Every structure is written in C-alpha cells, then in structure tokens.
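Here's the structure we're looking at; comments come further down.
Please read all numbers here as calculations on a predicted model, not as lab measurements.
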Number of protein chains: 2
Amino acid sequence: MAMGRPREFDTDTALDRAMEVFWQKGYEGASLAELTKAMGINPPSLYAAFGNKEALFRKAFDKYAAEKEAFFDELYRQPTARAVAEFYLRGAVTYLTDPKRPKGCLAINNTMACGDSADRIRQELLAKRAIGEARMRERLERAKREGDLPETADAAALTRYLSTVLQGMAVQALGGATREDLTQVAELAMKAWPST
Amino acid sequence: MAMGRPREFDTDTALDRAMEVFWQKGYEGASLAELTKAMGINPPSLYAAFGNKEALFRKAFDKYAAEKEAFFDELYRQPTARAVAEFYLRGAVTYLTDPKRPKGCLAINNTMACGDSADRIRQELLAKRAIGEARMRERLERAKREGDLPETADAAALTRYLSTVLQGMAVQALGGATREDLTQVAELAMKAWPST
DNA sequence: CTGCTTATTTATCTATCACTACAGAAAATC
DNA sequence: GATTTTCTGTAGTGATAGATAAATAAGCAG
C-alpha cells in the first residue's frame with residue numbers, strides 16, 4: 001500500500017503557534033485566517049491535521065497542560081502545605097510572565113465571558129479546573145492529617161484562596177503587571193497562610 | 001418646528017439590557033442580533049440611539065460604573081486602611097455574586113484576551129483600571145502618613161494585592177463560586193493585611 | 001513507469017458579522 | 001389637513017466567519 005504525500009509542516013510547531021494565538025486572542029477572538037497565517041499553512045491543511053477549530057483548541061490546550069505537568073508533579077511533592085502554596089504561587093508568577101510566551105494563562109483567558117460558539121470550550125476548561133482544585137484540596141487535607149496545617153484550617157477555602165490569587169495574577173499579567181509586581185503580590189498573599 | 005416621532009422604547013432600560021449582554025458574553029461575544037433582541041429593538045433604532053456597537057458598550061460601561069459610584073465614595077471615606085481594604089473586598093463579593101445580575105465583573109471580563117475588534121475597548125478599560133488603582137494607592141499612602149499603616153508598608157504592592165484578589169474573585173464567580181465561597185476568600189485575604 | 005494515497009493550493013461555499021438605505025408611521029407645527 | 005421631523009420595520013449591504021470541493025503535487029508500492 002502507498003504511503004501518500006508526506007506533510008510539509010511540523011504539526012507540533014504549528015500547534016505551538018496556534019496555542020499562542022489562542023492564548024493572546026482567546027478562542028473566540030482567534031480567527032481561522034489568523035491561525036493559518038501564524039501556523040504557516042492553508043485552511044485545508046489545518047482541517048486535515050487537526051479536525052476543526054474546536055479540536056485544534058483542545059489539542060493546543062493539551063499541549064499547554066502537558067508543558068505544566070512536570071511543575072505540578074514537583075508541586076505536590078513539596079513536603080509541607082506552606083511549601084506547596086509557596087511553590088504554587090512562585091511558579092504561577094514565573095509562568096504568567098514568561099518573556100518567551102504571551103502574558104497570562106491560556107486556561108483562565110478562556111473561562112471568561114464569551115459567546116455561544118466558545119461556551120462549550122469554556123465549560124470543558126471549568127471542568128478541568130475543578131479537577132485541579134480537587135487535587136490541591138486533597139493535598140491540603142493530607143497536610144492537616146500530617147500536622148503541618150492546623151486542625152482548624154479549611155482546606156477547601158485555602159484552595160479557593162490560592163486559585164483566586166493565581167487567577168487574579170493572570171488578570172494582572174494581562175494588564176501589564178511585571179514579574180516583580182507579581183512577586184510582591186505572591187509574597188503578600190503568603191502572609192495569609194496559616195502558621196503551623 | 002416639528003418634534004418628530006417619539007421614541008417607543010426607554011433608552012435606559014434598553015441600555016441596561018445591553019449592559020447585561022456585554023457582561024455575560026463579552027464585547028466580542030455579544031452579537032448585534034443578540035443585543036437588539038435583548039433590548040427589544042431593531043438595529044436602526046440601536047444605531048440611531050447609541051451610535052454603533054463600540055459606543056453602545058461605552059454607554060453601557062458608563063452606566064455600570066455609575067452604579068458603583070456610591071460604593072467607591074463610601075469606600076474612600078472609611079477611616080483606616082484596614083477598613084478600606086475590608087470594605088473593598090466585602091463590597092466586591094456582594095457585587096460579584098449579586099443574584100439579580102450576571103456573575104463576575106463587566107470591566108474585568110473585557111480586559112482579557114480578545115481579538116482585534118475588541119482591543120480598543122480593552123485598552124480603554126485598562127486605562128480606567130489604572131486610574132482606580134492610583135486612587136487606592138493614594139488612599140493607602142495617606143494611611144501611612146496618618147499612621148494606620150506601618151511606615152514599612154508598600155502602598156503600591158498592597159493596592160496590587162487588593163486588585164489581584166478582586167480580579168481573582170471575579171474569575172471565581174464566573175466559574176460558579178458562591179457568595180459564601182468568596183466571603184471565605186475575602187476573609188482569608190485580609191489575614192495578609194499588615195497590622196497597625 | 002503506472003497506480004495509490006495523502007498533502008497542498010486555489011477558489012470557493014454558506015452563515016453570520018456589524019451596519020444601513022429606504023419607505024412608511026407617529027408625533028408637533030403651521 | 002399639509003408639512004416637517006424623527007423613529008420604526010423590512011430588507012438588505014459588503015466583509016468576514018468557519019469550513020470545503022476540486023485539481024494538482026509528492027511520496028511509496030508494484
């Protein structure tokens with residue numbers, strides 16, 4: 001059987017370009033014209049390789065999530081709740097202001113207000129966020145059992161607080177806040193953390 | 001001279017409907033079809049009364065800002081920096097989870113990632129945010145002079161922290177966080193506030 | 001070289017976008 | 001009632017959205 005004509009572009013670098021467009025413009029604000037231009041391909045190549053706009057976004061997001069996998073593995077290996085919280089916020093500052101990448105967070109950008117065409121994507125991202133928050137809550141509950149969080153601490157509330165600060169920093173980064181600005185915010189935010 | 005045919009709709013209620021559509025869907029995600037349907041008018045009436053989509057958004061935002069004017073007046077009359085911060089975060093929780101209104105914040109929603117057509121609006125909102133943050137910073141600097149914030153306190157960093165928590169709570173509200181959830185977050189956030 | 005398969009290019013498709021021309025309708029003025 | 005003015009509904013405008021048909025090109029198998 002024949003192999004067919006080989007692809008002339010690299011799907012992974014094309015996907016990376018698409019990811020950055022979605023990151024900067026949002027799912028709704030990223031037009032096919034802009035995507036194909038950034039990816040260096042024509043629409044039929046995009047559709048053959050990725051399906052459609054929604055599928056392209058999902059693959060781009062999977063790539064985005066995969067790039068953060070190592071971070072989360074290391075995050076949850078931190079010895080204490082305080083270390084986890086600090087690692088989380090410091091890491092967030094780093095990622096949100098990476099000079100090689102668009103500012104802010106692809107996931108957070110696409111869970112905001114949007115039209116009907118983007119709402120399915122939005123719901124999917126919210127579901128994934130809920131999974132991530134559950135993981136953090138479990139880690140903090142473990143910390144309570146291990147004694148490095150007081151019995152009175154509310155793991156769910158602390159998790160929501162960390163999420164809130166992360167998301168707020170993502171908004172700030174989009175507004176032009178620098179890495180130094182957000183470092184100050186993260187340090188300040190840690191002052192609310194319960195002492196052992 | 002003749003007065004002409006009177007308008008058959010109330011511009012203020014129509015503007016309120018438009019505001020809610022922009023709030024829920026974002027500037028980009030709000031189509032003219034959806035806007036006119038929610039406002040109960042046809043496109044020519046919209047354009048005659050408000051100009052175009054951009055001008056409609058600006059008027060809707062002005063209305064949104066006007067509704068919060070009394071809150072900010074009272075906010076900055078609070079006697080101490082701590083009282084200001086508490087009033088700010090408590091008020092934010094109330095507004096972000098008003099059962100009569102869409103969740104979250106119209107302003108924050110429209111400063112996130114967006115396409116080119118919405119970017120002018122985005123820049124305008126960011127400029128207004130900067131003005132608001134400057135006002136808070138000045139209030140906190142006054143607090144340092146009046147002695148209810150320590151000399152070592154960084155007014156700019158504290159302002160950015162408050163902004164960050166507000167914006168994070170807006171993201172949380174869009175994700176389904178309840179008023180109780182956000183109240184916990186606000187109370188936790190206040191633990192980072194410097195003691196006098 | 002001849003088939004077979006798949007990718008690429010060009011040129012579209014339909015639906016929807018923000019927006020408006022036009023004609024008729026509703027008031028005030030004369 | 002006739003005139004003037006402004007609003008309203010219908011029916012569109014051109015532009016762009018996401019997505020594709022068709023023809024061609026490029027590789028492999030025989």
Side-chain angles (χ1 to χ4, degrees), chain A residues 1-15 17-19 21-22 24-61 110 113-122 124, chain B residues 1-15 17-19 21-22 24-61 110 113-122 124:
Chain A
M1 48 178 140
M3 288 266 291
R5 176 173 175 175
R7 191 168 273 135
E8 291 185 6
F9 65 97
D10 181 62
T11 53
D12 200 63
T13 66
L15 192 57
R17 303 279 166 77
M19 178 180 75
V21 174
F22 283 131
Q24 285 179 287
K25 304 295 185 83
Y27 177 78
E28 212 160 31
S31 70
L32 259 291
E34 196 167 1
L35 286 165
T36 52
K37 187 181 174 187
M39 298 166 83
I41 60 178
N42 296 115
S45 297
L46 189 156
Y47 282 85
F50 302 105
N52 60 14
K53 191 184 175 184
E54 259 192 43
L56 175 63
F57 181 89
R58 290 196 188 93
K59 289 189 171 72
F61 179 80
N110 286 285
C114 63
D116 300 331
S117 67
D119 203 62
R120 179 195 304 263
I121 291 290
R122 187 177 106 87
E124 291 176 12
Chain B
M1 45 177 141
M3 287 267 291
R5 177 173 174 175
R7 190 168 276 137
E8 292 184 5
F9 64 96
D10 181 61
T11 53
D12 201 61
T13 66
L15 192 56
R17 304 278 166 77
M19 179 180 75
V21 174
F22 283 131
Q24 286 180 285
K25 305 295 186 86
Y27 177 78
E28 213 160 31
S31 71
L32 260 292
E34 195 167 3
L35 286 164
T36 52
K37 186 181 175 188
M39 298 166 84
I41 59 179
N42 295 112
S45 298
L46 189 157
Y47 281 85
F50 302 105
N52 59 15
K53 191 183 175 184
E54 260 193 42
L56 175 63
F57 180 89
R58 290 196 187 93
K59 289 190 171 71
F61 179 80
N110 286 284
C114 63
D116 300 331
S117 68
D119 203 64
R120 181 195 305 263
I121 291 288
R122 188 177 106 87
E124 291 176 13

Please name all residues satisfying salt bridge (charged side-chain N to carboxylate O under 4.0 Å, His left out) with [X], sequence neighbours left out, ordered by chain then number.
| X | result |
| --- | --- |
| B:Arg17 | none |
| B:Asp12 | B:Lys63 |
| A:Arg5 | A:Glu8 |

Heavy-atom closest pair, residues [X] and [Y]:
| X | Y | answer |
| --- | --- | --- |
| A:Ala113 | B:Gln24 | CB-O, 3.2 Å |
| A:Ala60 | A:Leu15 | N-CD1, 3.7 Å |
| A:Ala30 | A:Val21 | CB-CG1, 3.7 Å |

Could you give the distance from SG (A:Cys114) to OH (A:Tyr27), rounded to the nearest 0.5 Å?
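Here the rounded value is 10.0 Å.
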Hey, is the side chain of B:Ser45 poking within less than 4.0 Å of OP1 or OP2 on D:dC7, counting only N and O atoms?
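No.
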Please list, for nucleotides 11-15 of chain C, all pairs of protein and nucleotide N/O atoms separated by less than 3.5 Å.
none

Out of D:dC7, C:dT10, D:dG9, which nucleotide sits closest to the side chain of B:Asn42?
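Closest nucleotide among those given: D:dG9.
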Residues from residues 46-56 of chain B lying under 4.0 Å of DNA chain C - heavy atoms
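Those residues are B:Tyr47, B:Asn52, B:Lys53.
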For DNA chain C, the residues among residues 28-39 of chain A that have a non-hydrogen atom under 4.0 Å from it
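Heavy-atom cutoff 4.0 Å gives no residues at all.
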Would you mind telling me which residue lines up with the more 5' stretch of DNA chain D, B:Glu8 or A:Tyr27, judged by nearest nucleotide?
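First, find each residue's nearest nucleotide; the 5'-ward one identifies B:Glu8.
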Given atom CE of B:Met3 and atom C1' of C:dA26, what is their separation to the nearest angstrom?
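B:Met3 atom CE is separated from C:dA26 atom C1' by 12 Å.
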For B:Ile41 and C:dC19, what is the distance between atoms CD1 and C1' respectively, to the nearest whole Å?
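Those two atoms, CD1 and C1', are 14 Å apart.
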Counting C-beta onward and ignoring hydrogens, is there a side-chain heavy-atom pair between [X] and [Y] closer than 4.5 Å?
| X | Y | value |
| --- | --- | --- |
| A:Arg58 | A:Phe50 | no |
| A:Asn110 | A:Phe57 | yes |
| B:Leu46 | B:Lys53 | no |

Donor-acceptor pair (no angle test) under 3.5 Å: A:Arg5 side chain, D:dA25 base:
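Side chain to base: pair found, below 3.5 Å.
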Tell me whether B:Arg120 is salt-bridged to B:Glu124, with the criterion being a basic N under 4.0 Å from an acidic carboxylate O.
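No, this pair does not count.
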